[in-house]
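Accompanying notes for the structure given below.
Numbers restart at 1 for each chain; the letters A, B, ... are given by sequence-line order, proteins then strands.
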Amino acid sequence: MRLSQMLLVTLREDPAEAEIPSHKLLVRAGYIRRIGSGIYAYLPLMWRVLQKVSQIVREEMDATGAQESLLPQLQPSELWQESGRWDTYTKAEGIMFSLIDRQERQLGLGPTHEEVITAIARDLIRSYRQLPLNLYQIQSKFRDEIRPRFGLMRGREFIMKDAYSFHTDEESLKKTYKDMDVAYRNILSRCGLEFRAVEADSGAIGGSGSQEFMILAEAGEDEILYTKDGKYAANVEKAVSLPADVVTSPFSSYQKLATPDTATIAKLCDTLKCSPTAVVKNVLYETIYDNGITVLVLISIRGDEDVNEVKLQNELVKLAADYDASTIIALSVPDADAQQKWSSQPLPLGYIAPDIEDSYISKKENIAPQFLRMVDKTATDLTNFVTGANESGYHLVGANWRDNFALPKLVVDVRIAQKGDRAFHDPTQTLQSARGIEAGHIFQLGTKYSQAMGATYTNEQGKNEPIWMGCYGIGVSRLAQAAVEQSYDEDGIIWPVAIAPYHAIVIIPNINDSEKVQVAEKLYQELNAVGVETLLDDRKERAGVKFKDSDLIGIPYRITVGRSLSEGKVEVVTRKTKESQDIPLEEVVSTIKNWVGNC
RNA sequence: CGGGAUGUAGCGCAGUGGUAGCGCGUCUGUUUUGGGAACAGAAAGUCGUAGGUUCGAUUCCUACCAUCCCGACCA
């Protein structure tokens with residue numbers, strides 16, 4: 001491609017709309033343009049990058065025996081009613097765009113394709129002989145994100161590869177899951193990315209095991225905890241660890257002490273000269289179930305620990321049936337305003353005890369009349385502990401479960417693991433922290449969707465069984481931007497060779513020098529002929545402009561047909577290292593071809 | 001949805017109760033030609049939208065819309 005003919009508009013200044021480096025650079029370098037919030041146009045250079053990524057994904061998926069197909073983005077609501085996700089996805093989760101056609105039929109724009117694929121499986125898969133099977137597609141997904149962010153990182157329309165596998169049993173599912181794990185590692189490695197596979201929470205998709213593939217980058221939205229021995233890595237949402245050892249409580253008798261101005265654990269421990277591990281703190285949450293019922297949740301947890309809201313949410317979803325609901329739509333720590341809506345009197349904030357009376361909750365419609373009390377495992381074994389006295393300015397010390405407080409029946413694990421905690425598998429290892437961008441996520445769905453939608457197969461005994469399913473996603477457009485986030489410098493993008501829009505660029509510093517133009521043209525032709533995807537900067541611009549643009553758009557190899565041509569050489573600069581060398585004209589093509597081939 | 005901010009030329013910004021300017025970019029010409037050239041000239045804006053206050057609003061007020069940032073959601 002000749003730059004003189006390409007739509008390439010680069011900006012000198014950072015666009016105001018962008019916050020993180022990769023977003024700024026993609027806009028500045030003319031790769032993307034925002035059309036609306038979370039909606040982007042992929043310009044010619046970007047589309048090439050996306051095609052490169054897609055092709056790598058395709059090759060690795062095909063290598064596992066998966067088959068490419070293409071499912072509709074426009075999906076009838078009936079399918080989603082069947083799986084039970086229509087209401088949660090259009091209302092509670094609110095992630096699906098929905099619309100009504102002229103026949104008053106309700107449709108959704110596909111945020112994901114479990115329903116469609118399960119309908120196909122139900123139709124087409126009849127016998128165990130057809131299994132296992134893995135179908136995938138690469139297409140745009142639509143999600144009504146509450147807050148689109150960071151360019152392609154969280155768009156409302158984005159490109160994703162999603163795959164769905166079908167099996168006779170769990171063992172077969174696990175095998176494909178493992179294959180996908182390997183394929184995903186290959187994909188990310190081939191894209192030239194630094195990444196980590198981590199244990200993950202499976203969220204709204206559901207199912208049992210799930211693993212995320214995180215591209216390591218400071219701007220990542222997720223925190224990863226891992227051990228240096230490489231044996232453990234998990235999203236902080238899912239991570240587990242050993243809590244710190246308990247320091248014995250200095251109190252031996254049960255009594256109430258005045259502890260003014262100790263609403264925080266730190267101040268309390270300072271005043272009472274005790275360890276936070278001797279404290280039972282009681283954290284209040286407010287959750288709203290999808291049937292509109294508000295439930296006040298009181299979690300008793302050890303003073304030095306914090307609540308992991310994802311784990312808490314999972315616990316609350318499990319309890320939904322107790323409130324005649326199917327899922328929760330909100331979870332928050334109620335602020336003063338929120339408390340006013342349900343409290344009958346001001347709460348002794350900072351001094352709450354595990355047995356705070358239910359009478360603090362006003363009798364109102366849609367508000368559960370009792371606190372949902374649960375205790376985190378870390379707090380169950382404490383003895384002679386310190387906790388609130390349900391009275392501002394006072395704490396109880398030397399307290400014990402059973403003697404002084406009933407231990408809540410719900411014993412849960414909702415503590416958040418933190419950097420520095422000891423690892424479960426090996427207490428000599430401590431958890432390290434890193435930030436990452438979730439580029440891929442693989443799930444073992446089990447029979448959740450097949451049972452809901454009646455997708456069964458006939459086994460060897462002639463009996464109908466639900467099909468076991470797995471699903472596997474990669475954010476193609478997100479991955480592309482994450483690659484930039486991981487690799488750039490003050491001059492611009494540094495693409496890994498495998499996903500760069502072009503491998504090389506031939507620059508003619510002076511377009512009026514016809515000899516150099518001829519040499520450059522010839523080089524350009526020859527490079528392309530041997531498979532080195534090459535740009536020719538034949539624009540009527542000064543050399544400086546061409547160098548700046550070349551660095552900004554991040555082409556891996558830059559060939560300048562300039563001064564050294566008098567010695568029969570051209571200058572070749574590697575974008576990543578900025579290393580420059582003069583290479584004899586006749587060797588350039590083979591040299592670059594080699595470099596590109598080896599990447 | 002809660003909290004915060006911003007909307008003025010293609011981009012980045014300044015500014016004013018009397019209807020607008022700067023830098024970059026764009027176009028023309030001359031010179032220049034290996035790290036975003038210099039000079040001369042030119043084009044380009046219903047000052048986010050709708051109301052209101054006012055003799056007069058881009059400026060003050062109100063509402064709405066859009067965009068961005070912090071939280072819950074997710075590839």
Separation between the [atom1] atoms of [N] and [M], rounded to whole Å:
{"N": "B:rU16", "M": "B:rG7", "atom1": "P", "result": "13 Å"}
{"N": "B:rG45", "M": "B:rA40", "atom1": "C1'", "result": "25 Å"}
{"N": "B:rU46", "M": "B:rA20", "atom1": "C1'", "result": "14 Å"}
{"N": "B:rG21", "M": "B:rC70", "atom1": "C1'", "result": "34 Å"}

> Would you say the side chain of A:Glu286 lies within less than 4.5 Å of the side chain of A:Trp342, judging by non-hydrogen atoms?
Replying inline: yes
Would you mind classifying the nucleic acid contact of [X] as base, sugar-phosphate or nothing, using non-hydrogen atoms under 4.0 angstrom?
{"X": "A:Glu145", "value": "base"}
{"X": "A:Phe150", "value": "sugar-phosphate"}
{"X": "A:Arg147", "value": "base"}
{"X": "A:Asp222", "value": "base"}
{"X": "A:Gly155", "value": "base"}

>> Under 6.0 Å from the ring centre and within 45 degrees of the ring axis: does the NZ or CZ of A:Arg48 meet both conditions for the six-membered ring of A:Tyr502?
In response: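 Yes, A:Arg48 and A:Tyr502 form such a contact.
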> Is RNA chain B part of any stem, that is, at least 3 consecutive Watson-Crick or G-U pairs with both distances under 3.5 Å, and where?
Replying inline: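 Expected stems, ordered by start: B:1-7 with B:65-71, B:10-13 with B:21-24, B:26-31 with B:37-42, B:48-52 with B:60-64.
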>> Does atom CD (A:Glu221) have a neighbourhood of more than 12 heavy atoms from anything else shown, all under 6.0 Å?
In response: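 For A:Glu221, atom CD is crowded (more than 12 foreign heavy atoms under 6.0 Å).
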> Hey, which of these two, A:Ala330 or A:Pro148, hits RNA chain B nearer its 5' end, going by closest nucleotide?
Replying inline: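 Its nucleotide being nearer the 5' end, the pick is A:Pro148.
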> For A:His23 and A:Gln313, take the nucleotide of RNA chain B holding the closest heavy atom to each; which residue's nucleotide lies nearer the 5' end?
Replying inline: A:His23
> Is there a donor and acceptor pair, one atom on the side chain of A:Arg478 and one on the base of B:rC74, closer than 3.5 Å?
Replying inline: yes
>> Each nucleotide in nucleotides 33-41 of chain B should get exactly one letter: B, S or -. Can you fill that in based on protein heavy atoms under 4.0 Å?
In response: BBBBB----
